Amino acid sequence: MDDIPVITVDGPSGAGKGTISHMLADTLGWHFLDSGALYRVTGQACLIEGVSWDDHPAVAAVARHLDVSFRTAEDGEILVAYKGEDVSRAIRTEEGGRGASTVAAIPSVRVALLARQRDFRQAPGLVADGRDMGTVVFPAAPLKFFLTASAGERAQRRYKQLIAKGESVNLPRLLEDIEERDARDSSREVSPLVPAEDAIIIDSTAVPIADVFQLAMQKVKEKGFI
Ligand code: DC
């Protein structure tokens with residue numbers, strides 16, 4: 001299993017990691033790990049099971065026994081189910097993000113989800129999207145990206161996404177949420193959001209996503225993956 005290549009894509013929310021990771025996995029025909037979805041489902045499962053996000057041992061037990069499954073719909077959307085029930089929408093709400101970020105700061109939850117994340121490493125390769133993919137989960141990955149963008153730009157992108165979905169949103173509130181989540185993700189004691197020493201850092205604030213993808217593909221080619 002150690003010889004199966006992994007590309008890690010880490011960075012704060014809204015930096016374009018999901019888009020770039022999906023594009024890389026599709027182009028290479030590799031598997032895809034959305035590690036944030038595992039933390040989001042853990043937060044959601046706590047709500048369903050009546051477990052408080054503050055009850056660390058109980059949240060860790062939820063994570064250890066997490067009955068989660070992923071399925072790709074015909075339109076390419078990845079659907080996420082908890083105990084067979086579709087939770088794809090619920091986990092993508094702002095509350096879902098807050099829950100994920102809260103439970104993700106609990107060390108025993110991170111330990112509980114570690115093996116599950118590593119199980120995604122299947123032939124012919126894996127693109128892993130998250131916060132600590134290159135630092136903790138796959139520290140020996142041969143190609144690591146750290147994708148970032150200013151908080152203002154990320155709030156703008158999220159705003160446009162939500163407006164397109166017909167949701168009513170408030171830009172200053174979104175920016176506040178993003179800054180709060182960044183602070184929590186970066187300052188936690190375990191697996192904080194930091195680039196791996198050998199990560200290629202891409203700031204996408206003023207760079208269109210197509211150009212970021214081109215740059216990433218250039219590195220993929222240099223590594224001989226294609
Ligand atoms: O990537 P995302 O927005 O779906 O992640 C949701 C939250 O989960 C994020 O605020 C931090 C946490 N997370 C994490 O701590 N480690 C990861 N590898 C992925 C996500």
Side-chain angles (χ1 to χ4, degrees), residues 6-22 24-25 31-47 53 56 59-60 62-63 66 68 70 77-80 82 87-121 126-139 141 144-149 151 153-155 157-159 161-162 174-196 199 204:
V6 181
I7 297 176
T8 61
V9 186
D10 289 309
S13 32
K17 283 176 295 133
T19 310
I20 291 296
S21 306
H22 272 294
L24 286 173
H31 297 277
F32 173 67
L33 165 61
D34 175 359
S35 61
L38 292 175
Y39 289 100
R40 285 175 185 268
V41 175
T42 302
Q44 186 66 25
C46 289
L47 294 179
W53 294 335
H56 295 190
V59 179
V62 167
L66 200 67
V68 59
F70 294 88
E77 192 192 345
I78 297 182
L79 301 175
V80 188
Y82 172 66
V87 290
S88 316
R89 266 178 173 258
I91 63 169
R92 300 285 165 209
T93 59
E94 293 308 301
E95 193 196 19
R98 248 190 317 277
S101 168
T102 306
V103 300
I106 306 171
S108 50
V109 168
R110 305 200 71 88
V111 171
L113 294 178
L114 199 56
R116 203 185 280 267
Q117 294 174 79
R118 290 186 174 145
D119 284 347
F120 277 79
R121 187 176 196 173
L126 173 69
V127 180
D129 162 345
R131 302 291 188 290
D132 60 344
M133 298 295 100
T135 49
V136 175
V137 183
F138 302 107
K144 301 176 183 177
F145 294 107
F146 189 88
L147 209 56
T148 184
E153 171 65 20
R154 288 183 284 127
R157 289 180 193 168
R158 182 89 185 118
Y159 179 77
Q161 270 174 1
L162 293 172
L174 270 183
L175 180 60
E176 218 173 275
D177 263 10
I178 282 188
E179 286 174 336
E180 223 176 78
R181 190 126 57 100
D182 281 358
R184 199 160 42 224
D185 293 347
S186 307
S187 66
R188 67 178 176 225
E189 287 189 8
V190 281
S191 306
L193 172 65
V194 284
S204 74

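Just so you know, ligand 1 is whichever comes first in the structure, and atom 1 is the first atom listed for that ligand. These figures come from a predicted structure and were not determined experimentally. The figures here come from the full heavy-atom set of this structure, side chains too, leaving out hydrogens, waters and symmetry mates.
- If you check the side chains of Ser101 and Arg184, you find a donor sitting under 3.5 Å from an acceptor.
- Under 4.0 angstrom from ligand 1, the non-hydrogen atoms of Arg40 all belong to its side chain.
- A pairwise comparison of heavy atoms in Ala63 and Leu113 identifies O-CD2, 3.9 Å as the closest pair.
- Among all protein heavy atoms, the one lying closest to atom 16 (N) of ligand 1 is Arg110 NH2, 3.0 Å.
- Atoms of ligand 1 found under 4.0 Å from any heavy atom of Gly130, numbered from 1 in the order shown, are 18 (N), 19 (C).
- For ligand 1, the atoms sitting less than 4.0 Å from at least one non-hydrogen atom of Lys17 are 1 (O), numbered in the order shown with element in parentheses.
- Ligand-side atoms of ligand 1 in range of Ala100: 6 (C), 7 (C), 8 (O), range being under 4.0 angstrom from any heavy atom.
- Considering only non-hydrogen protein atoms, atom 19 (C) of ligand 1 sits nearest to Ser35 OG, 3.4 Å.
- The shortest non-hydrogen separation linking Arg131 to Gly11 is CD-O, 3.2 Å.
- Between atom 12 (C) of ligand 1 and the options Gly18, Ala15, Ala104, Gly11, the minimum heavy-atom separation is to Ala104.
- Annotation: the span from Arg118 atom CZ to Leu126 atom CG amounts to 12.0 Å, rounded to 0.5 Å.
- Near Met133, the atoms of ligand 1 lying under 4.0 angstrom from a non-hydrogen atom of the residue are 18 (N).
- When every heavy atom of Phe138 is checked against every heavy atom of Ala128, the shortest pair comes out as CE1-CB, 3.8 Å.
- The environment of CZ in Phe70 is crowded: more than 12 heavy-atom neighbours from other residues, nucleotides or ligands sit within 6.0 Å.
- With respect to atom 10 (O) of ligand 1, the closest heavy atom belonging to the protein is Asp185 OD2, 3.0 Å.
- Contacts of Arg98 with ligand 1, taken as heavy-atom pairs under 4.0 Å, are absent altogether.
- Between Glu189 and Arg110, none of the side-chain N atoms (NZ, or NE/NH1/NH2) sits under 4.0 Å from a carboxylate O, so this pair counts as no salt bridge.
- Here the side chains of Val80 and Arg40 are not in contact, with every heavy-atom distance at 4.5 Å or above.
- What sits closest to atom 5 (O) of ligand 1 on the protein, heavy atoms only, is Arg131 NH2, 3.5 Å.
- In this structure, atom 20 (C) of ligand 1 lies nearest to the protein heavy atom Gly36 CA, 3.5 Å.
- When non-hydrogen atoms are compared, ligand 1 lies under 4.0 Å from the side chain of Arg181 (C-beta onward) but not from its backbone.
- Judged purely by distance below 3.5 Å, without hydrogens or angles, the side chains of Arg157 and Thr19 never pair a donor atom with an acceptor atom.
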